[in-house]
Amino acid sequence: VDISDKADTIREARASGRVLIKKAAMALVLKHGLKKGPVIEIARFAGIQAAKRTSDTIPLCHPLQLSHVDVEIRPQSFGFEIDAVVRTRGQTGAEMEALHAVSVAALTIYDMVKAADKKMVIEGIRLESKTGGASGNFKR
């Protein structure tokens, strides 16, 4: 898609998802009892890195200069909730970057915990909101 005629605007996208993990495996995660290290911290950094490299893995995404990326991973009784916020000033939105951040954070959790729970489920990855751009704002 040719975006050369689009105006630069401040754009923000928020995405979320969940990883369902059995209780025994979550107990190991929270006690830092897994061999691969601190799950939340590593998954958070993986999500941030993924947002910055989205155009390297999604073939038709424009590369964006991101001004802000935050990935939050919250332990819950069922596993983890993951939220990502991405902000840029540019000609195209950051929805894919936010979704990519959540997806890679979830996959990182899966990779780190799979030895303790092979039945984990990644679910509900979705765009929560976006602002900026010609198509206007969106809020789920």
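Nothing fancy with the numbering, it's 1 onward along the sequence. The figures that follow rest on heavy atoms only: side chains count, while hydrogens, waters and symmetry mates do not.
Neither Val19 nor Val121 shares a network with the other; the hydrophobic side chains, linked directly or stepwise wherever heavy atoms of I, L, V, M, F, W or Y lie under 4.5 Å apart, form separate groups for each. Under a hydrophobic-cluster definition in which Ile, Leu, Val, Met, Phe, Trp and Tyr are linked whenever side-chain heavy atoms come within less than 4.5 Å, directly or via other members, Ile82 and Phe78 are assigned to different clusters. Note: the hydrophobic cluster containing Leu34 also contains Met120 (ILVMFWY, side chain heavy atoms under 4.5 Å, direct or indirect links). Connection of Ile10 to Val85 is not established within any shared hydrophobic cluster, with ILVMFWY side chains joined at heavy-atom distances below 4.5 Å, either directly or through further cluster members. Taking hydrophobic clusters as Ile, Leu, Val, Met, Phe, Trp and Tyr residues chained together by side-chain heavy-atom distances below 4.5 Å, Met112 shares a cluster with Tyr110.
Around atom CZ of Arg53, no more than 12 heavy atoms belonging to other residues, nucleotides or ligands sit under 6.0 Å away. The number of heavy atoms from other shown groups lying within 6.0 Å of NZ (Lys23) does not exceed 12. Within 6.0 Å of CD1 on Ile3 lie more than 12 heavy atoms contributed by other residues, nucleotides or ligands.
Met26 is listed as a side-chain neighbour of Pro75, based on a closest heavy-atom distance under 4.5 Å. Between Asp83 and Arg14 the shortest side-chain heavy-atom distance does not fall below 4.5 Å. In this structure the side chain of Val104 never reaches within 4.5 angstrom of the side chain of Thr57, judged on heavy atoms. Taking the side chain as every heavy atom from C-beta outward, Val86 and Leu64 never approach each other to under 4.5 Å. Using a 4.5 Å heavy-atom cutoff, the side chains of Arg126 and Ser16 are in contact. Using a 4.5 Å cut-off on side-chain heavy atoms (C-beta onward), Cys61 and His100 make no contact. Side-chain contact check for Phe80 versus Ile40: some heavy-atom pair is nearer than 4.5 Å. Put simply, the side chain of Val69 does not reach to within 4.5 Å of the side chain of Glu97, judged on heavy atoms.
From Leu66, atom CG reaches atom NZ of Lys52 across 7.5 Å, with rounding to the nearest 0.5 Å. Glu128 CD to Arg140 CZ: the interatomic distance, rounded to the nearest 0.5 Å, is 6.0 Å. Residue Lys31 holds its NZ atom at 6.0 Å from CG of Leu28, rounded to the nearest 0.5 Å. Taken to the nearest 0.5 Å, the CD1 atom of Ile48 stands 9.0 Å off from the NE2 atom of His68. For the atom pair Gln91 CD and Asp8 CG, the distance stands at 5.0 Å (nearest 0.5 Å). The distance from the OG1 atom of Thr54 to the CE atom of Met96 is 7.5 Å, given to the nearest 0.5 Å.
The salt bridge (Lys or Arg N to Asp or Glu O under 4.0 Å) search around Lys114 returns Asp111, not counting sequence neighbours.
Contact between Ala43 and Thr108 at its shortest, heavy atoms only, is CA-CG2, 3.7 Å. Closest approach of Thr88 and Ala94 over heavy atoms only: CG2-CB, 4.3 Å. Counting all heavy atoms, side chain and backbone alike, Lys22 lies closest to Asp117 at N-OD2, 2.8 Å. In terms of heavy atoms, Ala13 sits closest to Ala98 at O-CB, 3.8 Å. For the pair Val113 and Val29, the tightest heavy-atom approach, listed with the atom from each and the gap, is CG2-CG2, 3.7 Å. Here the closest heavy-atom approach between residue Ile73 and residue Ala105 is recorded as CD1-CB, 4.3 Å.
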Given Thr9 and Arg11, is the side chain to side chain donor-acceptor pair (under 3.5 Å) satisfied, shown in steps?
CA-CA 6 Å; Thr9 60; Arg11 297 157 185 268; 3.1 Å; yes
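The backbone N or O of Glu123 lies less than 3.5 Å from no partner atom in the side chain of Arg18, so there is not a single donor-acceptor pair.
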